[in-house]
Each structure stands twice: as structure tokens, then as C-alpha cells.
Amino acid sequence: MASRVTFIGAGNMASAIIGGMIDNGHPANAITATSPSDAFLAPVHERFGIRTNTDNVAAVREADIVVLAVKPQVMREVCEGLRDTLQRQRPLIISVAAGLSAESLQEWMGGGLPLIRCMPNTPSLVGAGAAGLYATAEVSTEQRAQASELLEAVGIVEWVEQEALLDAVTAVSGSGPAYFFLMLEAMEEAGTKLGLPAETARRLAIQTALGAASMAQQSELTPDRLKRNVMSPGGTTERAVEHMEQAGLRGILTDAMDACVARAREMSEELGKR
């Protein structure tokens with residue numbers, strides 16, 4: 001029998017995962033989403049045919065897996081409101097909220113629960129996500145497999161064995177889509193300065209990024225080797241790449257990711273005190 005999954009929150013990330021689950025054959029009647037507003041839930045019900053409920057407690061009573069998909073700023077209130085029910089039912093809990101430590105979540109829910117923290121990213125909305133997962137000691141091998149199956153409905157899953165490494169996941173894949181969007185933006189601007197229509201430059205840049213990512217994904221070669229395969233000695237690509245290296249692109253990216261990790265740790269402290 002399919003696991004009964006309740007999503008606390010029915011926003012974009014929850015909708016993406018729900019859509020992926022249904023596409024992978026999970027029965028819609030085994031999925032419930034909650035929100036304070038029936039008006040907000042109606043489109044989700046119509047789109048996916050899942051069950052909906054404005055009562056978090058009632059929805060959790062029937063769940064094998066509970067996905068916490070609300071904004072970090074309201075997570076404490078939501079968790080404390082569910083504490084007694086979660087302690088009685090003891091479902092697997094998956095949090096997709098950024099910046100909230102397992103310690104804080106466990107404290108708000110009464111402690112000792114099987115909890116997985118997940119750092120997804122926005123390409124999950126198009127089935128191309130990359131998620132980092134961390135499990136507390138209470139999570140069983142079977143529950144880890146259930147979480148993997150659930151998140152793999154919208155992309156790839158990588159497990160980390162230390163919670164602190166989720167900050168590194170945030171720097172690489174959680175925030176990473178914005179780095180590539182910035183690159184696309186810059187390539188479009190440069191292309192227009194070179195005389196291309198903006199739409200043409202944008203389409204070429206996007207397709208080039210998609211093609212490069214597909215090659216990297218499908219090849220056994222490292223990104224460095226793939227890069228060198230494009231660079232003919234003394235050619236145009238070599239000149240462009242050398243210019244990027246001399247301009248300090250690697251250092252800029254390293255500093256940016258360090259700043260991302262620092263902010264993730266600050267947010268964890270700030271949000272955990274709410």
C-alpha cells in the first residue's frame with residue numbers, strides 16, 4: 001500500500017513534489033495538502049486530484065510521512081501546534097524549510113522524532129531538481145529510502161551524513177540556480193553589445209547552458225576535461241577562458257559560496273530563536 005503523505009503547506013515546492021509523485025504513480029488519494037485557506041487549496045485539488053484540508057492536526061493523524069513545507073518564519077508555530085499529534089503518530093517528518101536546524105525542529109515538535117532535513121532547489125518545479133538530505137538518528141533505513149523516492153520524483157538526491165554540510169549543499173545547488181541565471185543574464189547582455197538581438201542572444205545562451213549541462217551529466221569526463229575538449233590551442237575559446245581565469249572567476253565564485261554558507265548559518269541562528 002502506498003505511503004500516506006501529508007504536505008503542511010501547498011506552495012510551489014510542495015506542488016512540484018506532489019506533481020512529481022503523481023507522475024511517478026503515487027495515488028492521488030494517498031496525498032493530502034493543507035493550508036489555512038480553502039481558496040488556496042482549491043487549485044491544488046483541481047490540478048492534482050489530491051485530498052486537501054485546512055486542519056493540520058486532522059491531516060497529520062492519517063499520515064505516514066509529513067512534509068513540512070511552510071515558510072521558516074511560521075514553522076515554530078506550525079510545529080508546536082502539531083506536537084501532540086506528531087508524538088502520538090510518530091510519522092517520518094521531512095522539512096524542506098531552509099535555515100532551520102534539526103535541533104530547533106525537534107525542540108518545537110517535542111523531540112525524538114524521525115526527521116529528515118531537505119535542501120531542494122527551484123528547478124524541482126520543472127522536474128530537474130537537486131536536493132541534499134540529512135537524516136537524524138531516529139530515521140530508519142526504510143524511511144531513508146522512502147524520502148529518496150519522494151524527492152527523486154522531481155530530480156536527484158544526495159545524502160550528507162553531517163547536518164552542517166547542508167550549508168554547503170545550499171551554496172552549491174540550493175542557491176546555485178541563481179548563479180547560472182546571472183551567467184545567462186551576463187551572456188545575453190554581452191551578446192547584445194556584440195550586435196545580436198536580445199532574444200537571439202538569450203535563446204543561444206540558454207540552449208548552450210542546457211547543452212553543456214547535458215554533456216556534463218551524460219559524460220564520464222570531468223568538467224575540466226570537457227572544457228579542454230572545447231578549447232583548441234590558440235583558438236577563440238582558449239582566449240575567452242584564459243581571460244575569465246585571469247579576471248579571477250574561480251575566486252569570485254569561491255568567495256560568493258563562502259558568503260552563502262555564512263548567511264545560511266546566520267539564518268539558522270536567527271530562525272531558531274523565534
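- Through chains of ILVMFWY side-chain contacts below 4.5 Å, Ile206 is grouped with Phe181, Leu184.
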Return all side-chain donor-acceptor pairs below 3.5 angstrom for residues 39-52, not counting sequence neighbours, or 'none' if the list is empty.
{"unit_1": "His45", "atom_1": "ND1", "unit_2": "Ile50", "atom_2": "O", "d": "2.6"}
{"unit_1": "Arg51", "atom_1": "NH1", "unit_2": "Glu62", "atom_2": "OE1", "d": "3.4"}
{"unit_1": "Arg51", "atom_1": "NH2", "unit_2": "Glu62", "atom_2": "OE1", "d": "3.0"}

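- Through direct or relayed side-chain contacts under 4.5 Å between Ile, Leu, Val, Met, Phe, Trp and Tyr, Met257 connects to Val172, Tyr179, Leu253.
- Between the Thr222 side chain and the Arg225 main chain, a donor and an acceptor come within less than 3.5 Å of each other.
- Taking Ser101 as the reference, Ser104 meet the side chain to side chain donor-acceptor pair (under 3.5 Å) condition, with sequence neighbours excluded.
- For Thr85, there are no side chain to side chain donor-acceptor pair (under 3.5 Å) partners two or more places apart in sequence or in a different chain.
- Val160 belongs to a hydrophobic cluster whose other members, connected by ILVMFWY side-chain contacts under 4.5 Å either directly or through intermediates, are Met119, Tyr134, Leu165, Leu166, Val169.
- Taking Ile, Leu, Val, Met, Phe, Trp and Tyr as members and joining any whose side-chain heavy atoms lie under 4.5 Å apart, directly or through other members, Ile252 forms no hydrophobic cluster with any other residue.
- Note that the OG1 atom of Thr6 and the CZ atom of Arg61 stand 11.5 Å from one another [nearest 0.5 Å].
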Which atom pairs, one a donor and one an acceptor, fall under 3.5 Å between side chains of residues 190-197 and the rest of the protein, sequence neighbours left out?
{"unit_1": "Thr192", "atom_1": "OG1", "unit_2": "Glu188", "atom_2": "O", "d": "3.4"}
{"unit_1": "Thr192", "atom_1": "OG1", "unit_2": "Glu189", "atom_2": "O", "d": "2.7"}

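- Shown here is Lys71, whose NZ atom has no more than 12 heavy atoms of other residues, nucleotides or ligands within 6.0 Å.
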Please report, to 0.1 Å, the donor-acceptor pairs under 3.5 Å made by any side chain of residues 211-218, with sequence neighbours excluded.
{"unit_1": "Ser214", "atom_1": "OG", "unit_2": "Leu210", "atom_2": "O", "d": "2.9"}

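- Here salt bridge (charged side-chain N to carboxylate O under 4.0 Å, His left out) pairs that include residues 138-151, with residues two or more places apart or in two chains, are Arg144-Glu161.
- With sequence neighbours excluded, no residue forms a side chain to side chain donor-acceptor pair (under 3.5 Å) with Glu238.
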Solution key, residues 19-26 side-chain donor-acceptor pairs under 3.5 Å, sequence neighbours excluded:
{"unit_1": "His26", "atom_1": "NE2", "unit_2": "Ser3", "atom_2": "O", "d": "2.9"}

